[in-house]
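Reading through the structure tokens given below for one structure.
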Amino acid sequence: MEPIDADKEILPFAPTYARLAALYEATRTLHASLDLAEMLNRVMEAAVRLVGAERGFIMLHERWREPRVGAVHNLNPGIVTKKEELSFVLARQVQETGQSILKPDPSDDSPAPRTIMIAPLRAQDEIFGTVYVDRDLHGGQFTADDLALFEAFTDQAVIVFYNAKTQKQIMYQFMASISSELRTPLTAVKGYADLLQLGKIGPINDEQTRCLNIISQSVYRTLLLLSDIIDLTRIEVRPYLELASIDLATYLEEVLTNFRPRIEAKGQIVTLSLLNLPPVRADNWSLTKILTKLIDNAYKYTPAQGTIVVSAEVRNSFVYIALSDTGIGINSEDQPYIFEKFYRARNKIVQEQEGDGIGLYIAKRLVEYLGGEIGLESEEGKGSTFWFTLPIATTDQRG
Ligand code: ADP
């Protein structure tokens, strides 16, 4: 038998991830009709055409986030979400009361420059969005009949969203079940390969040791991938967030304690710098995932003897958490794509590390679910700083 080069045998995982990324892109095209942004745009355009409006927007009201703009027609998305804008105030009112608005209404004698209709997007008992349209009064005032037509249309739109969401959930749940099913036999394969490799089942020669190493490493990488896919499916379906007031300093210390042995074994130094932190409003599962992904990356992409600094401070009504490393850095061409699903920098050192390019995507989605932002500053060859923000818990949430 030919001698086996373990590195060569294990590395072909990089093309596996590239193939997965390509498959994901192709499948996404097939499922274009399930793309929420695309669907919202279509609903917006159809609503505007149906009632002869000039402008419009769809506002999405999600449970854990500030309202956000899903689609616009002839309006600036930045202006639509300004809290003092009449359109925003009215959209919030529709979301809170569940009642459509027609303006000016027949009893309104104050002159208004535009005529407006807003209707809720309601699935079961939850209002997850509002559709706003308006036009100049010179185009004629919207009537009660227009409003009835508009509401009938938004009810149909809800069915389309709901079907798409259900199909998407079925697809993700299917992926999650397959991944979980595969995990059990693979864990057994890895366990037995490790036992054989340790000589616990009988003596083995060098060649056999190398073969077992390849089996063990390959299975380990597959298990990591499956675990990321399970996390991914959980957040794509919509994570269950249990928001609580969390003492970040204690939390960060705990997460770092778990990592410290691995980091120190690589000869890296890790320090924590925290400035008087108030509690944040977050969810335990999500926060652990975000921190673990970022610290694991700092560890993986920083050579031995490098330094990792975790810091946190208050910035306005948020806590700003930063993880800086003296690692390989990310070049400016890769940076814009780094939070995309399956994206890995085109760098030999990266390709040699275990990874699938899902971690940062998961971290970004979770930070956004928690109402914060995430970003990075990095210079190739010098290091990277990944930062994210979390809202400070208000006094009555601290309980
Ligand atoms: P992976 O499993 O590949 O680490 P991630 O989604 O966590 O996936 O990260 C995506 C890519 O971002 C990585 O493949 C790597 O190219 C780059 N990256 C992430 N963190 C760092 C870091 N601290 N230093 C350098 N590159 C990083």
Side-chain angles (χ1 to χ4, degrees), residues 10-25 179 217-218 220-236 252 255-256 259 262-263 266-272 286-311 321-369 373-388:
I10 296 169
L11 273 183
F13 255 76
T16 306
Y17 294 127
R19 279 203 303 278
L20 269 179
L23 177 66
Y24 169 73
E25 267 318 303
S179 307
Q217 284 289 312
S218 303
Y220 177 65
R221 288 180 171 209
T222 312
L223 283 169
L224 282 183
L225 177 64
L226 291 178
S227 155
D228 273 347
I229 289 179
I230 290 169
D231 286 349
L232 185 70
T233 51
R234 175 168 174 174
I235 64 160
E236 293 288 17
L252 285 172
V255 176
L256 271 194
F259 263 94
R262 270 174 76 201
I263 294 180
K266 199 173 166 185
Q268 295 170 335
I269 298 167
V270 56
T271 56
L272 196 56
S286 309
L287 190 52
T288 309
K289 285 281 164 201
I290 299 163
L291 287 169
T292 312
K293 304 267 176 220
L294 297 182
I295 298 176
D296 190 42
N297 280 349
Y299 159 81
K300 274 196 310 194
Y301 301 116
T302 301
Q305 321 307 331
T307 305
I308 301 169
V309 179
V310 182
S311 63
I321 302 127
L323 289 96
S324 300
D325 62 56
T326 56
I328 58 171
I330 302 168
N331 75 32
S332 49
E333 280 153 33
D334 286 316
Q335 283 185 27
Y337 308 104
I338 221 73
F339 290 101
E340 283 182 12
K341 226 181 278 184
F342 294 117
Y343 194 85
R344 307 195 78 203
R346 287 153 292 174
N347 172 320
K348 190 168 176 292
I349 305 178
V350 169
Q351 302 298 331
E352 284 169 4
Q353 288 290 332
E354 280 149 11
D356 48 34
I358 303 180
L360 285 182
Y361 173 81
I362 292 177
K364 182 172 193 309
R365 287 292 298 263
L366 290 174
V367 167
E368 287 171 356
Y369 271 123
E373 282 182 68
I374 189 165
L376 86 149
E377 276 123 44
S378 184
E379 202 178 323
E380 196 170 17
K382 296 234 163 110
S384 314
T385 297
F386 279 85
W387 58 264
F388 65 100

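Any value given below was found using the heavy atoms of this structure, including those in side chains, with hydrogens, waters and symmetry copies removed. Counting convention: from 1, in listed order, for ligands and their atoms alike. For this chain, numbers begin at 1 and follow the sequence in order.
Taking a 6.0 Å sphere around CD of Glu373, one finds it holds 12 or fewer heavy atoms contributed by other residues, nucleotides or ligands. Within 6.0 Å of OH in Tyr220 there are 12 or fewer heavy atoms belonging to other residues, nucleotides or ligands.
Inspection of the Tyr343 and Asp334 side chains reveals an N or O donor paired with an N or O acceptor under 3.5 Å.
Minimum heavy-atom separation, Arg221 to Gln353: NH2-C, 4.3 Å.
One finds a salt bridge joining Asp228 and Lys293 here, because a Lys/Arg side-chain nitrogen approaches an Asp/Glu carboxylate oxygen to under 4.0 Å.
Looking only at distances, no side-chain donor or acceptor of Ser286 sits under 3.5 Å from a matching main-chain atom of Leu366.
The immediate protein surroundings of ligand 1, defined as residues with any heavy atom under 4.0 Å of it, consist of Asn297, Ala298, Lys300, Tyr301, Asp325, Ile328, Gly329, Ile330, Ile338, Tyr343, Arg344, Ala345, Val350, Gly355, Asp356, Gly357, Ile358, Gly359, Leu360, Ser384, Phe386.
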